[in-house]
Amino acid sequence: MSNNNGNISTTTTSVTTTIIQGVPLRRHNPHVVTLDADKVLRLLELLSTEIAKDGGATVVVSIKDWYGLKPKIEQLLGKRMKLLQFLERHPKIFRVDRNELPHVVHLLSHEHVVVPDVAATGMSDDDDDDDNHNKQQKALVEQICYVLRRRNARLSRRRQQQEKLSVTPQHEDRPQVNIPWLLSQVSTLFHLYLRNHKTDGTFFYRTLYATHDDVQLPGSKPWQELVFSEFYNFLRQEEQRPNSSIRIVQETVQYGHNQNNDNGESTTTTQKPRVVLVEDMDHEEGNDTTERLDEFDVARVAEALFLAIQVDGATHIAVSLLLHRYAELKHSLGGRNLATIVQQYPQEFPGIEIYSYLGETFVKNTLVLERNTDDNNNNNGNKFHARRRMDVDGATGLFSVASGKWGTAIMTGMKEAILQLQRKRQTLDDTASTSSNNNLHVSLAVDLTASVGGMTLAMARRFPPKQQRQEPDDAAGDVNVNRDDDEKDTKSHTLTSATKIIAVEIDPQRAQLCQQNMEKFGYSQEDIEVWNMDAMEAIPKLPLQSVCNNDIAMAVIDPPWGGVHYRLEKNPTFQMGPWLLQDVVEKLALHFQQQQQQSLLLVGLRMPVFFDVDQFSATLQERNLVFQRELVRKLGFQLVVVFSFRSSATSS
């Protein structure tokens, strides 16, 4: 410990006294939050030591998020105390300015700093500290190699694209990189390495900064200038290690003008150090890099890729998503280009195809992998369960299908519109509070643009078909349903299941995939009917006899929109084949008006955020359609618009 027992006892007593007096959690909250003396002392030692490692000042959120201390701090603070509150309760030790963003805490007193960092790491031996420091050093080197390989992969894709378009590059892309740029890419890990680096038993940052007011934010330009020499020395030391993956090369750089310049200035040449991977040097020198590529274990990459595909359950998935979701695949690649590896070692990746679409790289899995459904056998120790996913017909189908997130959100909007109509009915009807027959019921639900069934699946889960009173057991597959919201809706407003659900898709292959996907998620052909026909041909065949008196018919339309330049279009038109969107809505409304029962038709549209709802409504009015606009809601980059139409038998 850094203090003698007497000082610690005195500090503990003063802290305890402060706590007993209490400081309100908020100004409007009269309750007092207290901590026992032991927890206060442990927190003071823990926080003081971590801040001292940063040179005497650090960002408050980094203490919990960057340094892995969140569980320990939350355990000591409890549920009602916040970290900022605790720091502000000890103004003689910490200084925090809430007006400064991000919040920075300054260490005013070092009396609670512990060296070595027993409070933070749980280790007291120097050997254990060295082992932890070596792990951070290894992680930093791996990150440097990852950044360099990722950059080379990006340059390789750019060169391939330029060759396809017959574009001459303006400058030559070299594998060497500037050291300042590399430092900016690995600043977080280098900061973690430096804060645990000691010089003569003293933390590095305490020797770098004279006072806590001199501390610079990690990753900022001033910080990079201060630690650049240390980073350069680190690279030099790593270069000298046996079997090192990086080299520092001197590249000639010219400054000034050419000889034939009007000012008569001469050119100045200088040597500038740059960092390059050893494998890239071998490639430039014409050496065989296959053996070096084998060193990173291709079999490990293949195993990680197949496991990620099996757990994810998708047949088409973006490489960027796989790398984001599955850390083992990202680490095994180490920044290398997955497409290049699959191309060089096809025997290691049977059934795997890599293709590009709209600038994104995708993995296509043609193998039928067994999906693990046993909770006790969790994918050989992997924490993820295999998830059931939609089968799609290539990249076009992947982009056209409604994802589970948006499908659920849109169906929630439809359900909210129904509940609003029900509340209006209860307000108008004096007997609504005592009559259960005034609850609205969805007799018919139709998805006129089903594709492979993304929206249809969300519809079936929000409005279960008559034969399927309960959802399938695997309700967490592609669509995340919020059951708490469903329970609230059920308690306040009784919404029974849909009598009939129909999915309409014009493409025969996608219609077949839609039926297969519905069966995959537990819905039979009796639960959901899939019609392979044009939407305009399907509308006159919709079974109006299934819509009972005072019931609701619901139709969802997701017209084609999107692409690379759709946001740049000034006056976009939304069509379904040769038909305008307003033509489809008009035909649907006129067909419904033939209904002899007193019922309602809800039409939900999934549109881009720039969709002009007022102009579309004016177009419908010009066609003498009587309707109400029930809901307009922005969901990310899209809008959910819900219109209601009444049958001819329904009174105004």
Side-chain angles (χ1 to χ4, degrees), residues 402 404-423 425 438-451 453-504 514-515 517-519 521-531 542-544 546-558 588 592 599-606 630-631 633 635 640-645:
K405 172 184 176 182
W406 299 119
T408 302
I410 292 168
M411 287 300 108
T412 302
M414 296 294 294
K415 196 165 190 176
E416 181 178 340
I418 295 175
L419 294 176
Q420 289 178 1
L421 288 171
Q422 181 165 302
R423 283 190 287 267
R425 172 178 293 187
N438 287 277
N439 291 316
L440 294 175
H441 172 69
V442 179
S443 297
L444 176 64
V446 183
D447 184 0
L448 287 175
T449 51
S451 186
M455 190 79 71
T456 309
L457 180 61
M459 179 183 291
R461 285 177 167 171
R462 281 294 183 183
F463 305 95
K466 184 177 181 180
Q467 292 82 2
Q468 187 97 17
R469 291 296 181 178
Q470 296 180 350
E471 294 181 353
D473 294 336
D474 186 10
D478 187 61
V479 181
N480 297 319
V481 179
N482 191 332
R483 289 187 173 84
D484 294 338
D485 294 342
D486 287 344
E487 291 176 1
K488 293 178 182 178
D489 293 343
T490 304
K491 290 179 181 179
S492 58
H493 303 280
T494 304
L495 283 174
T496 57
S497 59
T499 302
K500 183 180 289 293
I501 295 181
I502 299 174
V504 180
C514 180
Q515 187 66 65
N517 287 327
M518 295 305 102
E519 293 176 356
F521 285 90
Y523 297 98
S524 65
Q525 297 184 12
E526 296 180 354
D527 298 326
I528 301 174
E529 296 182 12
V530 179
W531 293 3
L542 294 177
L544 295 180
S546 62
V547 183
C548 303
N549 192 37
N550 293 327
D551 278 2
I552 287 179
M554 182 178 70
V556 178
I557 304 175
D558 184 7
L588 188 62
F592 179 77
S599 54
L600 290 174
L601 169 66
L602 286 184
V603 178
L605 306 179
R606 180 196 183 194
E630 302 293 346
L631 181 71
R633 172 159 297 175
L635 298 173
V640 179
V641 186
V642 181
F643 297 98
S644 66
F645 301 86

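Atoms considered below: every heavy atom in the structure, side chains included; atoms not considered: hydrogens, waters and symmetry mates. Just so it is clear, the model here is predicted, and its values are computed rather than measured. We number each residue from 1, following the sequence as shown.
- Interatomic distance, CD1 of Ile418 versus CZ of Phe463, reported as 4.0 Å (0.5 Å rounding).
- The nearest pair of heavy atoms linking Val446 to Val504 is CG1-CG2, 4.3 Å.
- Closest approach of Ala458 to Thr408, counting heavy atoms only: CB-N, 3.8 Å.
- Residues passing the side chain to side chain contact (heavy atoms under 4.5 Å, CB included) test with Glu630 are Ala417, Leu421, Lys424, Leu602, Gln628, Val642, Ser644, sequence neighbours excluded.
- The minimum heavy-atom distance between Pro465 and Ala460, with the atom names listed, is CD-O, 3.9 Å.
- Minimum interatomic distance between Leu448 and Leu588 (heavy atoms only, all atoms of both residues): CD1-CD2, 4.2 Å.
- Annotation: the span from Phe645 atom CZ to Phe643 atom CZ amounts to 7.0 Å, rounded to 0.5 Å.
- Rounded to the nearest 0.5 Å, atoms CD (Gln525) and CE (Met518) are 12.0 Å apart.
- Rounding to the nearest 0.5 Å places CG of Leu542 at 11.0 Å from CZ of Phe592.
- Note that NZ of Lys415 and CE of Met554 are 10.0 Å apart. Values are rounded to the nearest 0.5 Å.
- For the atom pair NZ of Lys500 and CD of Glu526, the computed distance is 10.0 Å after rounding to the nearest 0.5 Å.
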Under the criterion side-chain contact (heavy atoms from CB on, under 4.5 Å), I'd like the reasoning laid out for Thr456 against Ile528: C-alpha separation, chi angles, the key distance, then a yes or no. CA-CA 9 Å; Thr456 309; Ile528 301 174; 3.9 Å; yes

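- Looking at heavy atoms from C-beta onward, Pro543 lies in side-chain contact with Ile502 at the 4.5 angstrom threshold.
- Heavy atoms only, all atoms of each residue included: Ala445 and Val442 are closest at CB-CG1, 4.3 Å.
- Looking at Thr412 and Arg462, their side chains do bring a donor and an acceptor atom within 3.5 Å of each other.
- For the pair Ile501 and Asp527, the minimum side-chain heavy-atom distance is 4.5 Å or more.
- The shortest heavy-atom contact between Met455 and Gly407 is SD-CA, 4.1 Å.
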